[in-house]
Protein chains: 2
Amino acid sequence: MEESKKISSAVIRRLPRYYRYLGELIESGVQRISSKELSAKMKVTASQIRQDLNNFGGFGQQGYGYNVKYLYDEIAKILGIDTSHNMVIIGAGNLGRAICNYADFEKRGFIIKGVFDNNADIAGEEIRGIQIHMMSELSDFIKNENIEIVALTIPKQAAKDIGKLVADAGVRAIWNFAHTDLNLDEDVIVENVHLSESLMRLSYAIANKER
Amino acid sequence: MEESKKISSAVIRRLPRYYRYLGELIESGVQRISSKELSAKMKVTASQIRQDLNNFGGFGQQGYGYNVKYLYDEIAKILGIDTSHNMVIIGAGNLGRAICNYADFEKRGFIIKGVFDNNADIAGEEIRGIQIHMMSELSDFIKNENIEIVALTIPKQAAKDIGKLVADAGVRAIWNFAHTDLNLDEDVIVENVHLSESLMRLSYAIANKER
């Protein structure tokens, strides 16, 4: 068994951003980069970058900088996106469709296996080749298709019950867009995307910025 | 001029959640709540709640708890949602439509004045009564309609240029859903919603959770 290290959540929050920048560097053909150059691009301090990456054993060689592709792959492993995860989307409204249409998630290993809705009029329709199923099929689908992640894009009134249902069916994580806390058992991971709260932070920033 | 207080970003991140819970309490007819009861509902410690709210001068009376409606209104003021903000959405794809259809934003004072796209086929169409305009009209619209906030729901390739264009037209803040950093002048506020990064944090949590 591997020893588990406790990495601070602030570092974890920054890792996907490193990953994104390194991906862009690879696309531009950059093979090696110093923490100083990366720092200038990302607008964080070079020492922050070195500190963050040291949490995972470094990766850099003094005076040689980072091997971009190697660092990119290592961060992918840390983020768990070096393996694939089966996912379903609940709610075939605009938000569910937006997520379903975003093919980049698949490149990161998030495989959307189905979309679920309770509107019988759209049963069997496809979004980007992915079929819309009825909610009554959800529990069995989760078990049979080995679904790990559920994206919940439904109104808050229904979210708690559906959250419980998919947790009971054995999913490992819920990506929750409903504007409520799910309050599930701790063995189910919940990552919230509360758009209203993001918009309120923006409004706070406006209210508190000097003009 | 009011003295400006420096509130930590962690506190600011939590305020919208307080606001949401207080709103739910009001809906349920609760008029007063102790930090202990609020703590049990929100699953944070009572001392955290007291500390957070003390940043804004308290609001609670020892032994009497908080007046729910008063606290709700005060947090609204702090968050700047006691006044309204004009907003436009750029991109009439699924994500832009999802945001446009979410009428709750209007209840918080975010008034969506228009949606912009470069697809001439949908010019003049309406989403929930809000008209779709062409991108060529954007700069004038921002100036004439006093637009403060732009929601950017377009692919990353176009985002930097459009970000610059709306900044030059005078918006105060960009709610950025494009998967890239905008790197604008510091006088424009940028609140990022990077869905891929949220999904990677979820994947990290799966990879690092004991089963």
Side-chain angles (χ1 to χ4, degrees), chain A residues 4 7 12-13 15-17 19-20 24 42-43 77-81 83 85 93-102 104-105 108-110 148-149 151 153 172-175 179-181 183 187 189-211, chain B residues 4 7 12-13 15-17 19-20 24 42-43 77-81 83 85 93-102 104-105 108-110 148-149 151 153 172-175 179-181 183 187 189-211:
Chain A
S4 88
I7 312 287
I12 304 308
R13 287 194 81 80
L15 276 188
R17 191 156 172 266
Y19 185 75
R20 170 157 57 89
E24 288 174 8
M42 293 188 61
K43 306 204 192 302
K77 282 184 209 164
I78 294 164
L79 289 172
I81 51 179
T83 55
H85 300 281
N94 288 125
L95 186 55
R97 285 168 194 267
I99 293 170
C100 192
N101 276 315
Y102 194 57
D104 266 20
F105 294 147
R108 309 274 171 265
F110 301 96
E148 280 193 307
I149 302 173
T153 71
R172 299 203 61 201
I174 297 177
W175 198 21
H179 196 220
T180 188
D181 295 326
N183 297 328
D187 51 324
I189 295 153
V190 178
E191 167 80 15
N192 291 307
V193 183
H194 289 320
L195 294 184
S196 300
E197 297 187 6
S198 167
L199 195 47
M200 286 184 207
R201 284 193 293 272
L202 181 152
S203 148
Y204 174 85
I206 292 178
N208 290 276
K209 196 176 172 72
E210 311 273 325
R211 294 196 91 147
Chain B
S4 88
I7 311 288
I12 304 308
R13 289 194 79 80
L15 277 188
R17 191 156 173 266
Y19 186 75
R20 170 156 56 88
E24 289 174 8
M42 294 188 60
K43 305 203 192 302
K77 281 184 210 164
I78 295 163
L79 289 171
I81 51 179
T83 55
H85 300 281
N94 287 125
L95 186 56
R97 284 167 195 268
I99 293 170
C100 193
N101 277 315
Y102 193 59
D104 266 20
F105 294 146
R108 308 276 171 264
F110 301 97
E148 279 193 307
I149 302 173
T153 71
R172 299 203 61 200
I174 297 178
W175 198 21
H179 196 219
T180 188
D181 294 326
N183 297 329
D187 52 326
I189 295 153
V190 178
E191 166 80 16
N192 291 305
V193 183
H194 289 320
L195 294 183
S196 301
E197 298 188 5
S198 167
L199 196 46
M200 287 184 206
R201 284 192 293 273
L202 181 152
S203 149
Y204 173 85
I206 292 179
N208 290 277
K209 195 175 172 72
E210 310 275 326
R211 293 197 90 151

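Chain letters run A, B, ... following the sequence lines, proteins first, then strands; residues in each count from 1.
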Nearest 0.5 angstrom please: [X] [atom1] to [Y] [atom2], how far?
X	Y	atom1	atom2	result
B/L195	A/F105	CG	CZ	5.0 Å
B/R20	A/H194	CZ	NE2	4.0 Å
B/R17	A/S196	CZ	OG	14.0 Å
B/I189	A/R201	CD1	CZ	13.5 Å
B/F110	A/L202	CZ	CG	7.0 Å
B/D187	A/K209	CG	NZ	6.5 Å

In terms of heavy-atom pairs under 4.5 Å with chain A, which of [options] leads?
options	answer
B/T180, B/D104, B/V190	B/T180
B/D181, B/I12, B/I81	B/D181
B/N183, B/N101, B/I174, B/N94	B/N94

Part of [X] within contact of chain B (heavy atom distance under 4.5 Å):
X	value
A/K43	side chain
A/I149	side chain
A/R97	both

Minimum heavy-atom distance A/I78-B/N208, with the two atoms named:
O-ND2, 3.8 Å
At their closest point, which heavy atom of A/A207 faces which heavy atom of B/G80, and how far apart are they?
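Shortest heavy-atom contact: CB-CA, 3.9 Å.
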Any side-chain heavy-atom pair of A/Y204 and B/P16 under 4.5 Å:
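No, every pair of side-chain atoms sits at 4.5 Å or beyond.
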Based on non-hydrogen pairs under 4.5 Å, which of A/A98, A/A205, A/S198 is most in contact with chain B?
A/S198
Greatest number of heavy atom pairs closer than 4.5 Å to chain B - which of A/K77, A/H179, A/E24, A/R108
A/H179
Test log, rule side-chain contact (heavy atoms from CB on, under 4.5 Å), inputs B/L95 and A/L95:
CA-CA 6 Å; B/L95 186 56; A/L95 186 55; 3.9 Å; yes
